[in-house]
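One structure is given below, encoded as structure tokens.
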Amino acid sequence: MHNDNKMQIEICPSVELIERGKGVRFDVMTEGSAATAFVVRYDSKVHAYLNRCAHVAMELDWNEGEFFESSGLYIMCATHGAVYTPEQGKCVGGPCRGASLRKLLVEERDGAVFWQPDDVVRAVTF
Ligand code: FES
């Protein structure tokens, strides 16, 4: 997953991401607009997505950084309750069943979580 030719951006220290706990949001650019993305930890692994529901382009979190529903098994959209698998971002219940969140490439190394921007979801440049 690590590619030395491309810039990686540090999102947070590993310790900030608790298993099925609060996610860490970060700013991105996509299709010329500012947006947010997030990373969560599930089954020890880190998973990141564009913070945009597959139903309507709304942010998912019900409180800032709160993405998991009460069982801790699914990521849930606060607007109409679509539920997504944390590993794949696939909607398995709700109005956009079968659709998916936009997955982002993240890796964990040296005690931190890094994001690899791609051609569509890009880093914010100042
Ligand atoms: S906007 Fe997410 S379920 Fe409708």
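Just follow the structure's listing: the first ligand is 1, and inside any ligand the first atom is 1. This one's a predicted model, so the numbers in the text were calculated from it and none came from an experiment.
- Under the 3.5 Å distance criterion, the side-chain polar atoms of Y42 are left unmatched by any main-chain donor or acceptor of I75.
- Side-chain atoms of E69 come within 3.5 Å of backbone N or O of S71 as a donor-acceptor pair.
- Pairs of residues two or more places apart, or lying in two chains, that qualify as salt bridge (Lys or Arg N to Asp or Glu O under 4.0 Å) and include a residue from residues 36-50 are R20-D43, R41-E108.
- Nearest heavy-atom pair across Y84 and A54 is OH-N, 2.9 Å.
- Aromatic ring centres of F38 and F67: separated by under 6.0 Å.
- Distances shorter than 2.8 Å separate atom 2 (Fe) of ligand 1 from the protein N/O/S atoms C53 SG, C77 SG.
- Distance SG/C12 to CZ/R25: 14.0 Å, rounded to 0.5 Å.
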